[in-house]
Number of protein chains: 2
Amino acid sequence: MKFIQADVLKQKPTDESKLGFGKIFTDYMFTMKYKVGQGWYDAQIEPHRPIAFDLATTVFHYAQGIFEGLKAFKNEKGEIRVFRPEENFKRMNRSAVRMCIPEIDEKLVLEGLFELLKIEKDWIPTSPGTALYIRPSIVATNVALGVHAGTEYLFFIILSPVGSYYAHGLAPTRLLVEDFYTRATVGGTGEAKCIANYAVSLRAGEEAAKKGFDQVLWLDANEKKYVEEVGSMNMFFVIDGEVITPMLTGSILPGITRKSCIELLKANGYKVSERKISIDEVIEAQAAGKLDEAFGTGTAAVISPVGMMEYKGRDYVVNNNEMGKITKWLYDTITGIQTGRLADTHNWVVKL
Amino acid sequence: MKFIQADVLKQKPTDESKLGFGKIFTDYMFTMKYKVGQGWYDAQIEPHRPIAFDLATTVFHYAQGIFEGLKAFKNEKGEIRVFRPEENFKRMNRSAVRMCIPEIDEKLVLEGLFELLKIEKDWIPTSPGTALYIRPSIVATNVALGVHAGTEYLFFIILSPVGSYYAHGLAPTRLLVEDFYTRATVGGTGEAKCIANYAVSLRAGEEAAKKGFDQVLWLDANEKKYVEEVGSMNMFFVIDGEVITPMLTGSILPGITRKSCIELLKANGYKVSERKISIDEVIEAQAAGKLDEAFGTGTAAVISPVGMMEYKGRDYVVNNNEMGKITKWLYDTITGIQTGRLADTHNWVVKL
Ligand SMILES: Cc1ncc(COP(=O)(O)O)c(C=O)c1O
Ligand SMILES: Cc1ncc(COP(=O)(O)O)c(C=O)c1O
């Protein structure tokens, strides 16, 4: 794999409590190009620096792009630990098919990622709650205005040392149940991690933020009845001892943290259901005192307790606005496995 | 307005029959920047050349971007004629609001466009069916991976001399009525001209093309029952003397060609209805011999006759696969007004 040396290296952040999310980037990135007829070529590690694009490039006009998000950790022993990276590149290839983007060689990009992480190991923060966030992406790079799938693409992996996703850390979040805007439909692109889905969700997110909410809780687009997911998290509810998460209907992103939680819960004897769950069922459970916990799962925030939900102008408090027992157990277990504090019972971690 | 001279000018295309659509670009572009707290600044005309972007730029990850499409014409008298440009910048501002993008000063960008067109007048082709296609766009340019509306933007106008949108020119098109994939929902971004909508539609378009169709005819996402629009055109049906086009429900792009057709038809005594029209109504009319014409309307193709539609595996031929009377009249009238062959009865053309 070709390596292009940077002339100067950046100053690394000195205060790990001020990293924020996706604001600081490391010195190097992995890139690879694609041309119809030629396939993927020129895999290399090069300095993370601006790249020149013609303004008629496909991605600027028709948003043909996909991405992934995963994390690497470093513990006191200096071990570099990556959480389930094969899952992300598998999902990336499923997103690629949906968005008419050529599939990548999962083994090759995993190697590229590991190589990059070894070079950038000093950028991996070590304080609790921090990680090196890994962002693989593919965008269409050919210059043309006809509405067609691109003929050229750029694959890249950039790295960002990050702190907690939410400014308030692990404090329970406030969700606005969205009953006007929609994010995705069955037959649409909801289950692909494509860049378009996030553009579509921006307005609802901004309006919710203005009203003081952390995130939007999406309902299904057709009936506005069934819970789907949150901006960047899948949802779980604990009702009367049953752990429920919306089933994957085609409009929900199949989260890797979601999958990990289901596997952990089942392995530890919990009753887990992947099924349709209506917002009415959630609210009735809350009224009957049976909504024990609600939480979101996602790479950025890992496990995020929900303290309050607003639906049609009424507030529904969950578990006294405190983090629940299962929520805390999942958070501790997953972060424990990620950092090596706990045994990697499910073989999820790649150690470099 | 600042002007930056190009060092060398490009070779202009010599054969206007081989322009294609959106493949060739002129020497100059109009650009303008935005920063939160500062507003829009640095409006200028500069050489159309690649611009450097960090790969962590918002548009690459969350597809926050909008665009427009309009045309300028040049006739034998050397007049430069632009078709309804104010309408495009009005629609751009409506798209901006929906996508959390700062609005532009419509007057300023119109001036920028006119200035640019005067500089690039020799690039405007004159053969019948050709035009200078104008692509104004806004993309989010700040470098950050949090899912939020951008804090910096780039507005730009690029120009491309174009021929017919369809390779087969004005020959009737073949549409595939899509009953699985969806494009947009009410509560989504269908009525905004945002780049995300086109990414979402790519897969259906590619599958249809492989089967030999020119475009997909979208149905509403909820019931898969009502006709919405085509990839880059609004739809019209002539049934039993009534000219019907789907009403604007929120999931359909409010086309400027659509609006122009409605205005022309009404001014000339036709009965025009903007209403819901189900695919079943269209098919029953066809079976009863009452589907006189079907056509699409859009800037790129202007008016495009539909010769055949396939729905659930069955073919429905329209008007013997020939261009209908009203279709032809609208095509002749609109292109006549655009090029100056006919009087500009509705005051649609800006002459430079
Ligand atoms: C829309 C959406 N849902 C759910 C998730 C959670 O997925 P994962 O656990 O793989 O990070 C994410 C974030 O990746 C997301 O963007
Ligand atoms: C989705 C869609 N529908 C309709 C149209 C037609 O709109 P207009 O007549 O303004 O070009 C376009 C093209 O601009 C489009 O992209």
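The sequence lines fix the lettering, A, B, ..., with proteins before strands; numbering per chain opens at 1.
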If we only count heavy atoms from C-beta on, is the A:Leu55 to B:Ile51 side-chain gap below 4.5 Å?
yes
Of A:Ala149, A:Gly146, A:Cys194, A:Ala140, the largest count of non-hydrogen pairs under 4.5 angstrom with chain B goes to A:Ala149
Counting only heavy atoms not in A:Lys33 (residues, nucleotides, ligands), do more than 12 fall under 6.0 Å from its NZ?
no
Quick one: closest heavy-atom pair of B:Ala221 and A:Asn222, and the distance?
O-OD1, 4.0 Å
Between B:Tyr181 and chain A, with a heavy-atom cut-off of 4.5 Å, which part of the residue counts as in contact: side chain, backbone, both or neither?
both
Residue A:Val139 versus chain B: region with a heavy atom under 4.5 Å:
side chain
If you tally heavy-atom pairs under 4.5 Å against chain A, which of B:Val143, B:Thr189, B:Asn142, B:Asn197 wins?
B:Thr189
In the structure I gave you, are the side-chain heavy atoms of A:Phe60 and B:Val59 within less than 4.5 Å of one another anywhere?
yes
Honestly, the part of B:Arg135 sitting under 4.5 Å from a heavy atom of chain A is side chain
So for B:Leu154, is it side chain, backbone, both, or neither that comes closer than 4.5 Å to the heavy atoms of chain A?
side chain
What one should report as the nearest heavy-atom pair of A:Ala56 and B:Ile158 is CB-CD1, 3.6 Å
Tell me, side chain or backbone of A:Val97 under 4.5 Å from chain B's heavy atoms, or both, or neither?
both
In terms of heavy-atom pairs under 4.5 Å with chain A, which of B:Gly231, B:Ala144, B:Ser160, B:Gly187 leads?
B:Gly187
If we only count heavy atoms from C-beta on, is the B:Asp54 to A:His48 side-chain gap below 4.5 Å?
yes
What do you reckon, are the aromatic ring centroids of B:Phe67 and A:Tyr62 less than 6.0 Å apart?
yes
Per-residue contact mode, B:Ser137 against chain A (heavy atom under 4.5 angstrom)
side chain
So with a 6.0 Å cut-off around CD of A:Gln11, is the heavy-atom count from everything else above 12?
no
Given heavy-atom pairs under 4.5 angstrom as the criterion, report whether the side chain, backbone, both or neither of B:Arg98 touches chain A.
both
Closest non-hydrogen atom pair between B:Ala63 and A:Ala199, with its separation:
O-CB, 3.3 Å
Tell me, out of A:Ala52, A:Ser201, A:Gly69, who's got the most heavy-atom pairs with chain B below 4.5 Å.
A:Ala52
d(B:Glu207 CD, A:Cys100 SG) to nearest 0.5 Å is 7.5 Å
Short side-chain donor-acceptor distance under 3.5 Å, B:Thr185 and A:Thr185:
no
For the candidates A:Lys23, A:Arg49, A:His148, which exhibits the highest count of non-hydrogen atom pairs separated by less than 4.5 Å from chain B?
A:His148
Checking B:Glu206 against chain A: side chain, backbone, both or neither under 4.5 Å from a heavy atom?
side chain
From the list A:Phe21, A:Phe180, A:Tyr198, the residue making the most non-hydrogen contacts under 4.5 Å with chain B is A:Tyr198
Quick check: do A:Leu145 and B:Phe25 have side-chain heavy atoms less than 4.5 Å from each other?
yes
Shortest non-hydrogen contact between A:Gly188 and B:Thr182, atoms and distance:
N-OG1, 3.3 Å
